[in-house]
Amino acid sequence: MNRPLLFNLGIEEDLFHSVAAGLDGEIGDVDVRRFPDGETYIRFNVECAQRPTILACSLDRPDPKTLPLLFAADTLRDLGAANIGLVAPYLAYMRQDKRFHAGEGITSRYYAALLSRTFDWLVTVDPHLHRFHEMGQIYSIPARVAHAAPGVAHWIRDHVASPVLIGPDSESRQWVDDVAGRAGAPFVVLSKQRRGDRTVEISIPDIERYSDATPVLVDDIISTGQTMAATIHHLNQLGTAPPVCVGVHAIFAEGAEQALAPAATIATCNTVSHPSNQIDVTEPILEAIQTLNYGVRVKGQSKGPE
Ligand SMILES: O=P(O)(O)OC[C@H]1O[C@@H](O)[C@H](O)[C@@H]1O
């Protein structure tokens, strides 16, 4: 099989280069721009026929990115690519996974159907799997999950003396448990009620027994920052040390930086490019790609299991 061809349609540049290097891939040149009327123009400036191809695109703020991404994949198909994979370190539309109110759309399903129609495979990092427990419940293509927990735990061990990990809600328990185990730290899980898009209420169990520890809030997504901000507020009232915030995906919707100003430190993974990025996810992405069988191999590794 030919060397894979990778195109960066919007992931953090260092992450893109290290994934490409790990796959011994060739970085391809593609022009994506808008015509004056706002429509998308795509041109691949490299021979794609018979090549395994990968489009890399982090799908935060997904709507303007999605149509060019789908057109790019369709173009590769037209040009005879052997197969087309998507590396989306952040995967969008995972949170509206049920009809919370009558008449709502279950956009998690619709978005998954769109991508599944167009790509042959998908790799993402810690998607927000809540009511769906496996990617196969909504994605009909092979969709692999890369796990940030080892890198997050490593960062905590290296940067925080005597941490106590705090998960913001019951959804986070499994993940926080995993990170805490790897970091060799205790953890507590809070109870959270979301009152609206930008309003959350947090209640904190008894954490007095960890009064000498540094609270480390860990969560998969920092969007409005309200979940972490509400937790920080309560911890401040309890007189704990200033908390450290660790998130996988640094969405940082408008106002989040301001909401999180009271945090001592904020560290995130490079799944969404942001100044707080400190944890690299190259390794788990390569490990996830290695489990697929589309002619894309991690350098120095033998064939994957599929
Ligand atoms: O509170 P913001 O930052 O808006 O949203 C992030 C939270 O919303 C949940 O779905 C995530 O798992 C995380 O706990």
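We count ligands from 1, going down the list as the structure has it; atoms in each ligand are counted the same way. Heavy atoms only: backbone and side chains are in, while hydrogens, waters and symmetry mates are out. For the single chain, residues carry numbers from 1 onward in sequence order.
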* Asked: When you measure from atom 14 (O) of ligand 1 to each heavy atom in Thr227, Asp219, Asp220, Val248, which option holds the nearest one?
  -> Asp219
* Show which atoms of ligand 1 fall inside a sub-4.0 Å distance from at least one heavy-atom site of Ile221. => 6 (C), 13 (C)
* Asked: Just wondering, do Ile166 and Leu190 contact through their side chains at under 4.5 Å, heavy atoms?
  -> yes
* 4.5 Å side-chain heavy-atom contact, Asp219 and Met228 -> yes
* To do: Check whether the side chains of His274 and Thr268 place a donor and an acceptor atom closer than 3.5 Å, and report yes or no.
  => no
* Closest contact, heavy atoms only, Leu115 versus Tyr139 -> CD1-OH, 3.7 Å
* Where does the angle between the aromatic ring planes of Tyr111 and Tyr93 fall among parallel (under 30°), tilted (30 to 60°) and perpendicular (over 60°)? -> tilted
* In plain terms, say whether Arg43 and Asp31 are close enough for a salt bridge, that is, a side-chain N and a carboxylate O under 4.0 Å apart. => no
* To do: Please work out whether any backbone atom (N, CA, C, O) or any side-chain heavy atom from C-beta onward of His128 is under 4.0 Å from ligand 1, and answer side chain, backbone, both or neither.
  => side chain
* Between His130 and ligand 1, which residue portion shows a heavy-atom distance shorter than 4.0 Å: side chain, backbone, both, or neither? -> neither
Tell me: protein heavy atom nearest [atom], and distance?
atom: atom 5 (O) of ligand 1; answer: Arg194 NH2, 3.2 Å
atom: atom 8 (O) of ligand 1; answer: Arg95 NH1, 2.9 Å
atom: atom 4 (O) of ligand 1; answer: Thr224 OG1, 2.5 Å

* Based purely on interatomic distance, does Ile222 place a nitrogen or oxygen under 3.5 Å from a nitrogen or oxygen of ligand 1? -> no
